[in-house]
2 protein chains.
Amino acid sequence: MENAPSLRNVKSQNAVLEALHQVNHATASEILDWLKVTQKNMKVSLTSVYRALNHLVATSQVKPLNFNDGQVRYELNTHAMHHHHMICTKCNLIQVLDLCPFDDIADKVKDTFSIQYHNFELFGLCGNCK
Amino acid sequence: MENAPSLRNVKSQNAVLEALHQVNHATASEILDWLKVTQKNMKVSLTSVYRALNHLVATSQVKPLNFNDGQVRYELNTHAMHHHHMICTKCNLIQVLDLCPFDDIADKVKDTFSIQYHNFELFGLCGNCK
DNA sequence: TCGAAAATGAAAATCATTTTCATTTTTCTC
DNA sequence: GAGAAAAATGAAAATGATTTTCATTTTCGA
């Protein structure tokens with residue numbers, strides 16, 4: 001009989017995925033905070049969160065985001081959750097942008113590049129700051 | 001008579017702009033290396049490069065790029081130089097992408113967001129790695 | 001149940017970037 | 001021009017996010 005697929009390391013990865021379902025564009029330490037509050041019986045360290053995130057990124061389940069504020073944020077890399085962001089460079093407001101410019105382009109590069117994820121961010125001044 | 005516009009701080013900023021004309025998506029320390037080689041009479045420190053970059057970003061002359069490798073890269077934020085990137089997540093090859101998905105979207109958000117710059121990157125496997 | 005392989009957390013290390021601070025350079029005023 | 005105030009500079013220290021190390025614990029197949 002085939003062995004069941006290994007469940008190794010999957011517990012912390014699942015916990016991180018669960019956090020990312022709840023907390024949008026979360027940093028590693030925001031994920032840890034969320035886990036501490038909601039999974040009180042589970043003991044997790046920041047190190048494990050980083051390790052889980054790195055694995056999830058390597059397997060294209062999660063994508064990293066950079067809002068140019070010195071920390072990496074993470075999002076689920078699923079079609080259903082797909083969206084982009086507008087980041088205010090003055091007050092750091094993050095707004096979700098449901099438009100995606102990508103579909104057009106995917107076609108055009110698909111012969112030479114196998115896309116795992118893409119990022120698209122607008123930086124500028126939000127309505128209050130401009 | 002009006003005072004001439006201040007030239008303060010402009011020397012290092014100009015040197016950095018010159019470097020960015022020559023070196024595409026350069027990191028701060030790559031810029032410093034370039035300045036050391038090409039501007040032998042000019043003494044510049046990494047600190048000054050960072051300061052100049054921060055000012056150039058704040059004034060929208062330069063935009064920061066994140067290729068998810070732990071360092072920030074910089075590019076001129078000019079229409080003429082405008083392009084995007086495809087980053088291979090395995091071998092780190094960076095390819096220039098001349099397609100831009102942006103023009104469409106700019107129109108749609110222009111009433112609520114004053115855009116300073118935008119980033120668009122594809123992450124995946126290049127032709128050799130896939 | 002045993003043992004190998006992998007996962008874990010705490011602490012230390014790393015490394016890009018920022019801050020501090022004393023010094024030098026620039027610019028404005030007289 | 002000379003002198004003073006403001007800003008720029010570099011070196012070194014500080015910061016802070018992320019990774020690595022390493023000793024211990026957990027998992028899972030045999």
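Below, chains carry the letters A, B, ... as their sequence lines are ordered, and counting in each starts from 1.
- Rounded to whole Å, atom C1' of C:dT8 lies 11 Å from atom CE of A:M42.
- The distance from atom NZ of B:K11 to atom P of D:dA8 is 12 Å, rounded to the nearest whole Å.
- For the pair B:L32 CG and D:dT9 C1', the interatomic distance rounds to 14 Å; values are reported in whole Å.
- Remark: C1' of C:dT8 and NZ of A:K43 are 9 Å apart, rounded to the nearest angstrom.
- Between the side chain of B:K63 and the backbone N or O of B:S60, no donor-acceptor pair lies under 3.5 Å.
- Looking at B:T27 and B:R73, their side chains come closer than 4.5 Å, going by heavy atoms from C-beta outward.
- Between the side chain of B:N66 and the backbone N or O of B:V72, no donor-acceptor pair lies under 3.5 Å.
- For A:Q13 and C:dA6, the CD to C1' distance is 12 Å, given to the nearest whole Å.
- At least one side-chain nitrogen or oxygen of B:S12 sits closer than 4.0 Å to the OP1 or OP2 atom of D:dT9.
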Report, one pair per line, the protein and nucleotides 16-23 of chain C atoms (nitrogen or oxygen only) whose separation is under 3.5 Å.
unit_1: C:dT17; atom_1: OP1; unit_2: B:V72; atom_2: N; d: 2.9
unit_1: C:dT17; atom_1: OP2; unit_2: B:Y50; atom_2: OH; d: 2.2
unit_1: C:dT17; atom_1: O5'; unit_2: B:Y50; atom_2: OH; d: 3.0
unit_1: C:dT18; atom_1: OP2; unit_2: B:N54; atom_2: ND2; d: 3.3

Handout entry: A:K11 and A:M42: CA distance, side-chain angles, deciding distance, side-chain contact (heavy atoms from CB on, under 4.5 Å) verdict
Key = CA-CA 10 Å; A:K11 216 174 298 176; A:M42 184 185 219; 4.2 Å; yes
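- We find the CG-CD1 distance between B:L20 and B:I31 to be 4.0 Å, quoted to the nearest 0.5 Å.
- Judged by distance alone, with hydrogens and angles left aside, the side-chain atoms of B:S48 form no donor-acceptor pair with the main-chain N or O of B:V44 at under 3.5 Å.
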